[in-house]
Amino acid sequence: MEEHPGQLTRAAVELAKNWRNDKYLRKLDAVMVVADAEVSLTITGGGDVLEPHDNIIGIGSGGPYALAAARALIDIPGMTAMEIARKAMKIAADTCVYTNTNFTIETIPAELKKEWNVEKSK
């Protein structure tokens, strides 16, 4: 992000290239999710950068269950993104034996979003 400020997709592609070409990292079988106000991306250890058609992403053992639940919940009026995420992860935990209900959810405070958008537009 430092090399490509405000260009999440480009930064993700560069990260994926570096990940794929690094002697040690290319053997790392991992998945990373990155997002900003406009786009959500999944970066894989194989060097893929994937953008879902609906900006909803689920990773991990319960990822497909949470993804399906979130897609079903997204059309319910009045549900916030946080409520959808919590409910979808709860459904995934109830469905997948490898997923538990110990969730850590991190959000970016609105003040930081505003500061970042101001810096991005410069």
Side-chain angles (χ1 to χ4, degrees):
M1 286 303 300
E2 290 175 2
E3 291 178 25
H4 308 288
Q7 300 177 26
L8 182 64
T9 303
R10 185 170 178 196
V13 169
E14 290 300 319
L15 174 63
K17 276 194 229 177
N18 292 339
W19 193 344
R20 185 176 48 235
N21 293 327
D22 186 90
K23 180 179 177 182
Y24 298 104
L25 289 179
R26 72 172 153 230
K27 295 176 183 168
L28 179 64
D29 186 24
V31 178
M32 180 186 310
V33 173
V34 295
D36 66 11
E38 289 88 32
V39 67
S40 301
L41 303 168
T42 303
I43 305 170
T44 69
D48 300 316
V49 178
L50 309 169
E51 180 179 1
H53 64 90
D54 54 7
N55 283 330
I56 302 172
I57 296 176
I59 63 170
S61 58
Y65 302 106
L67 179 61
R71 285 185 172 152
L73 295 168
I74 197 77
D75 294 330
I76 297 175
M79 284 192 80
T80 66
M82 182 67 72
E83 291 168 336
I84 291 170
R86 286 185 191 279
K87 182 74 172 171
M89 291 188 299
K90 173 80 169 82
I91 291 169
D94 291 344
T95 307
C96 178
V97 297
Y98 301 109
T99 304
N100 63 39
T101 57
N102 299 325
F103 308 133
T104 301
I105 298 175
E106 295 185 21
T107 59
I108 300 172
E111 306 82 55
L112 291 178
K113 289 180 195 174
K114 288 177 189 172
E115 287 176 24
W116 185 78
N117 284 331
V118 167
E119 289 175 13
K120 187 171 105 170
S121 64
K122 290 181 181 177

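- Every residue meeting the side chain to side chain contact (heavy atoms under 4.5 Å, CB included) condition with Asn55, not counting sequence neighbours, appears here in chain and number order: Ser40.
- Residues Ala12 and Ile43 come closest through the heavy atom pair CB-CD1, 3.7 Å.
- Across every non-hydrogen atom of Ala92 and Ala66, the tightest pair is CB-N, 3.6 Å.
- Counting heavy atoms of neighbouring residues, nucleotides and ligands inside a 6.0 Å radius, atom CG of Asp54 exceeds 12 of them.
- Residues Leu28 and Val49 share a hydrophobic cluster, clusters being chains of Ile/Leu/Val/Met/Phe/Trp/Tyr side chains in contact below 4.5 Å.
- Here the shortest heavy-atom pairing between Thr101 and Ala93 reads CG2-CB, 3.6 Å.
- Of the inter-residue distances, the one linking Ile84 atom CD1 with Asp75 atom CG reads 8.5 Å to the nearest 0.5 angstrom.
- No continuous path of hydrophobic side-chain contacts links Met32 to Ile59 [ILVMFWY only; heavy atoms under 4.5 Å].
- Both Val31 and Ile57 belong to a common hydrophobic cluster when Ile, Leu, Val, Met, Phe, Trp and Tyr are linked at side-chain heavy-atom distances under 4.5 angstrom.
- Each of Ile56 and Leu50 belongs to its own hydrophobic cluster when Ile, Leu, Val, Met, Phe, Trp and Tyr are linked at side-chain heavy-atom distances under 4.5 angstrom.
- By the side chain to side chain contact (heavy atoms under 4.5 Å, CB included) test, Asn100 pairs with Asn102, sequence neighbours left out.
- At a threshold of 4.0 Å, the pair Arg86-Glu83 does not count as salt-bridged, since none of the basic side-chain nitrogens sits closer than that to a carboxylate oxygen.
- Listed here is the closest heavy atom pair of Lys27 and Lys23: CE-O, 4.1 Å.
- Atom CZ of Arg71 is separated from atom NE2 of His53 by 4.0 Å, given to the nearest 0.5 angstrom.
- Among all heavy-atom pairs drawn from Ala70 and Ala88, the shortest one is N-CB, 3.7 Å.
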* Taking it one step at a time, do Ile105 and Met89 satisfy side chain to side chain contact (heavy atoms under 4.5 Å, CB included)? -> CA-CA 11 Å; Ile105 298 175; Met89 291 188 299; 3.6 Å; yes

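- Checked by atom type and distance alone, the side chain of Trp19 pairs as donor or acceptor with a backbone atom of Leu25 at under 3.5 Å.
- Residue Ile76 is grouped with residue Ile74 when hydrophobic side chains (ILVMFWY) are merged at heavy-atom distances under 4.5 angstrom, including chains of intermediate members.
- Judged as a side-chain hydrogen bond (donor to acceptor under 3.5 Å, both in side chains), and not counting sequence neighbours, Arg20 has no contacts.
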